[in-house]
> 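Input: one structure, supplied below.
No hydrogens, no waters, no symmetry mates; every other heavy atom, side chains included, goes into these values. What you are looking at is a predicted structure, and each value in this text was computed from that prediction instead of being measured.
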Amino acid sequence: MGVRNLDEQIDMGQTKKKKSIQSRFTRGMFIMGILTVLITSVNVGVLLYRDKMNSYSRMAYGYTRSIAEYIDGDTIATYMDTKVKDSYYMEVDKFLDAVQTKSDIEYFYIIIPDGENYIYVWDSVNEHLKSNIGYVEHFSKKEAEHVQKIMNGTYSEKLYITNDSMYGHLGTAYSPIYDSNDEIVAIVAADVDMSMVSVIVALFILFVAICIAIVLTITIVIYYFVTKSTIIVPISKLNRITSTMVKNIDSNEEIELDIHTGDEIEELAESYKKMYYEMREYIDENTKITAEREKVDSELQIARTIQNGMLPKLFPDYVDSDYYDMFASMDPAREVGGDFYDFFMVDENHLALLIADVSDKGIGAALFMSISKALIKMRMEMTKSPLETITYVDKKISENNEIGMFVTVWLGVVNLETGHVVACNAGHDYPAIMHQGEDFKVEKTPHGPAVAFLPGMTFNDIEFDLKVGDRIFLYTDGLVEAKDTGGKRFGIEKMLDILNNNKDEKNEDLLNIMKKEVETFSKGENQFDDMTMLGFTFYGKKVN
C-alpha cells in the first residue's frame, strides 16, 4: 500500500512537472508572439515610411531640378529690381501652373533667401493666393539653416518636413537656380502633402499586426494541442545526435535517430531529422541561388554590352572624314545607363548629332533610352528636321508613358558643305561652342521642355553657322553636376576652363582629358549620374 501510494505520488509529481513545463512553454510562446508582432510591425512601418519618403523625395526633386534648369537665372535680378511681369515671367508662371496641375505637388514657388526671410519671385498656387514679386515671408530658424546649406551647395536631396497650422504637414524639396556665372541666385521649392503618409503607414502597420497576430495565434493553438502533456528529455542523447548532424551536414550521409520514447522527444528527434534534411536542401538551394545570381550578373553584363552596341562606334568613315573630326563617349553610373548619343548621315551632305539624358538610371532608363533613340533616328531620317522629329517623338512617347519618365534631348543637323547648323533643344544642357580664334562659350538659346515631360508643349529651332575650325562640345548633366567629397559641383565654369586650356587637342584626346579631370575632382566619390560627351570639329572641305 505504501509502495503504491509512493508510485502514485511519483506519477502525480511527474504530471505536475509536465504541466508546469507546458504552461511555461506556452507563456513563452505567447510573449514571443507579442514581441514578434510588435517588432515586425515597427520594422514594416519604418520601411514603408522610408519607402514613401524616398518616393516623394525622388518625385519632388525631379520636378525642382527640371524647373531650375528651365528658368533663366539671369532674369531674377531684373524682376527684383523692376517688379514687372514681362512675357518671359508670364511664360514661366504658366509653366509652373501646368507642372503643378499634372503632378502630385501642392505648391511650386521660386524664392530668394534674405537672412531669415525669403522673397517670392514666382508662385504656382491659386490665382487669388499668388504672392506678388517681392512678397516677403519669414523662415523658421531650422528652415533658414536648411536653405543656407542649399545656397552653400552642401545640401542633400531629402525632403524638409514641416507641420504648422497654416500650411499643414508638408515635405519640401529645394533645388538651386544658377545664373550664367554658375552662381546660385534663387531656389525652386516644391511642397508635397505629407498628411496621408502617416495615415497609410499606421493602417498598414495595423493590418500587418493583425495578420501576424492571427497567424501566431493559430500556430500556438495548433502547437498546444499537438504537443503532448509530457516532456521527458534525454538531453545528452539529443546533444550527441545534433553534433552528428552538424558533422554530417556537408557529407550527404544518412543519419540514424535511434530514439523511441513514444512521446514528444521522439517527435522532437523526428523534427531534428527533418530539419537536417531541410538544411541539406537549403544548402543545395542556396547553391542554385548563388548560380542564379551569377547568371543575373552575367545578364547585366550582357545588357551593358548590348547597350554599348546600340551606341554608334567611331568607324573610319566618321573619324577620318575630310569634313570634320568627332569623338563621343558614355560612362553609365550603374551597369546600364539612361544617357545616349548618336550621329548619322541623313543624306550625303548632312550629318545629324544627337545627345540625350533619360530622367532615371538603371535598366528601366536603358529601355526608355532604346525606345527614344530608335524613334528619334527613324523620324530624323524621314524628315531631316530636328524640330519636327522632337515634336513627333514627344507625342509618341507621351501616349503610353505610364511611369512618367522623360528625356532631355539636343538634336542638330550640320550641313557639311556650308557649316550651317539647325538644332532643337528639348530641356537639355546648352552646348559649348568655339569659333575659330575664340574660346568655348555656352550661349543660352531658346529651348522647350524635356521630351514627354509636359505633353503637347511646343519646341523651337536654333540656327547658327560653323566656319573652318569651329567646334561643338555636347554633354549631359552628369559632367557638370559631378561632386567632390564636400558636395561642390564640377560646374560649367570649370568645364569651360578645361575646354579652353585644351582647345587645340583632337576630340578624342579632349574627351579623355575632361574625363580624367572629373575623376580627379571627385576624389574617389561614387559616380552619381551617367556622363556622356560628344566633341565635333568642322573642317568644311571636300576631297574630290
Side-chain angles (χ1 to χ4, degrees), residues 69-70 72 91 312 314 317-318 321-328 339-357 372-397 406-436 438 440-453 456-476 507 532-542:
E69 291 289 340
Y70 180 84
D72 185 357
E91 176 188 337
L314 298 169
D317 289 345
Y318 287 93
S321 171
D322 293 308
Y323 291 103
Y324 54 83
D325 172 67
M326 179 169 57
F327 196 81
D339 281 7
F340 63 95
Y341 66 84
D342 203 353
F343 48 85
F344 51 89
M345 299 297 297
V346 295
D347 58 34
E348 63 181 7
N349 294 322
H350 292 82
L351 173 69
L353 301 177
L354 166 66
I355 192 166
D357 183 1
S372 303
K373 181 177 179 294
L375 285 173
I376 291 172
K377 185 171 184 178
M378 177 191 70
R379 192 66 179 179
M380 191 64 189
E381 290 177 340
M382 293 173 57
T383 66
K384 302 179 177 59
S385 168
L387 175 59
E388 186 174 339
T389 297
I390 294 300
T391 303
Y392 171 83
V393 174
D394 177 70
K395 179 181 178 182
K396 285 297 179 183
I397 293 180
F406 55 88
V407 55
T408 66
V409 180
W410 189 96
L411 175 62
V413 177
V414 183
N415 187 320
L416 297 178
E417 291 187 344
T418 66
H420 187 66
V421 180
V422 179
C424 182
N425 190 337
H428 198 76
D429 295 84
Y430 299 104
I433 299 175
M434 186 202 84
H435 295 291
Q436 189 64 20
E438 300 180 5
F440 276 96
K441 295 178 183 178
V442 173
E443 296 182 2
K444 294 186 177 180
T445 53
H447 68 82
V451 171
F453 183 64
M457 294 291 286
T458 58
F459 300 91
N460 307 96
D461 261 341
I462 309 162
E463 297 189 32
F464 58 92
D465 291 302
L466 297 176
K467 295 181 181 179
V468 176
D470 288 358
R471 306 180 71 166
I472 300 175
F473 179 76
L474 303 174
Y475 56 95
T476 57
N507 287 295
T532 302
M533 297 178 286
L534 188 151
F536 175 84
T537 304
F538 180 67
Y539 291 156
K541 63 178 181 178
K542 182 175 181 181

> Drop me the distance from Met326's CE to Tyr341's OH, to the nearest 0.5 angstrom.
9.5 Å
> For His428 and Tyr475, indicate whether the former's side chain and the latter's backbone hold a donor-acceptor pair under 3.5 Å.
yes
> So, taking the atom named CG in Asn425 and the one named CG in Leu387, what distance separates them when rounded to the nearest 0.5 Å?
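That separation rounds to 12.0 Å.
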> Would you mind telling me which of Asp357, Thr408, Asp339, Asp429 makes a side chain to side chain donor-acceptor pair (under 3.5 Å) with Thr476?
Asp339
> Check whether more than 12 heavy atoms from other residues, nucleotides or ligands sit under 6.0 Å from atom NZ of Lys441, and answer yes or no.
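For Lys441, atom NZ is not crowded (no more than 12 foreign heavy atoms under 6.0 Å).
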> Checking side-chain contact (heavy atoms from CB on, under 4.5 Å) against Ile390, which of Asn460, Leu411, Asp461 comes through?
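For Ile390, the side-chain contact (heavy atoms from CB on, under 4.5 Å) test succeeds with only one of Asn460, Leu411, Asp461, which is Leu411.
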> Give me the atom names and distance for the closest heavy-atom approach of Asp347 to Asn349.
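For Asp347 and Asn349, the tightest heavy-atom pair comes out as OD1-N, 2.9 Å.
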> Under 4.5 Å between any side-chain heavy atoms of Cys424 and Trp410, yes or no?
no
> State which residues pass side-chain contact (heavy atoms from CB on, under 4.5 Å) with Thr445; sequence neighbours excluded, sorted by chain then number.
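Result, side-chain contact (heavy atoms from CB on, under 4.5 Å) vs Thr445: Tyr430, Ile462.
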> Salt bridge check, Lys373 against Asp342: does any charged N sit closer than 4.0 Å to a carboxylate O?
yes
> Would you give the length of the straight line joining atom CG of Asp72 to atom CD of Glu91, rounded to the nearest 0.5 angstrom?
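Rounded to the nearest 0.5 Å, the CG-CD separation comes to 10.5 Å.
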> Might you point out which heavy atoms bring Ala452 and Phe406 nearest each other, and give the distance in Å?
C-CB, 3.9 Å
> With a 4.5 Å limit on heavy-atom distance, are the side chains of Asp394 and Met457 in contact?
no
> Taking atom OG1 of Thr383 and atom CD of Glu388, what is their separation to the nearest 0.5 Å?
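Rounded to the nearest 0.5 Å, the OG1-CD separation comes to 4.5 Å.
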> Compare every heavy atom of Pro449 with every heavy atom of Phe459, then report the nearest pair and how far apart it is.
CE2-O, 3.1 Å
> Would you give me the side-chain donor-acceptor pairs under 3.5 Å for residues 464-472, sequence neighbours excluded?
residue, atom, partner, partner atom, Å
Asp465, OD1, His420, ND1, 2.7
Asp470, OD1, Gln436, N, 2.6
Asp470, OD2, His435, ND1, 3.0
Asp470, OD2, Lys467, N, 2.7
Arg471, NE, Thr537, OG1, 3.1
Arg471, NH1, Lys503, O, 2.5
Arg471, NH1, Glu505, O, 2.9
Arg471, NH2, Glu505, O, 2.9
Arg471, NH2, Asn507, OD1, 3.0

> Can you establish whether the number of heavy atoms outside Glu438 located under 6.0 Å from its atom CD is more than 12?
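For Glu438, atom CD is crowded (more than 12 foreign heavy atoms under 6.0 Å).
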> Report the distance from atom CZ of Phe340 to atom CG of Leu534, rounding to the nearest 0.5 Å.
12.5 Å
> Quick one: which of Phe536, Phe538, Phe343 gives a ring-ring contact (aromatic ring centres under 6.0 Å, His included) with Tyr324?
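Testing each of Phe536, Phe538, Phe343 against Tyr324, the sole residue satisfying ring-ring contact (aromatic ring centres under 6.0 Å, His included) is Phe536.
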> Any heavy-atom pair between the side chains of Leu354 and Met380 that's under 4.5 Å?
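No, side chains not in contact.
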> Does atom NZ (Lys384) have a neighbourhood of more than 12 heavy atoms from anything else shown, all under 6.0 Å?
yes
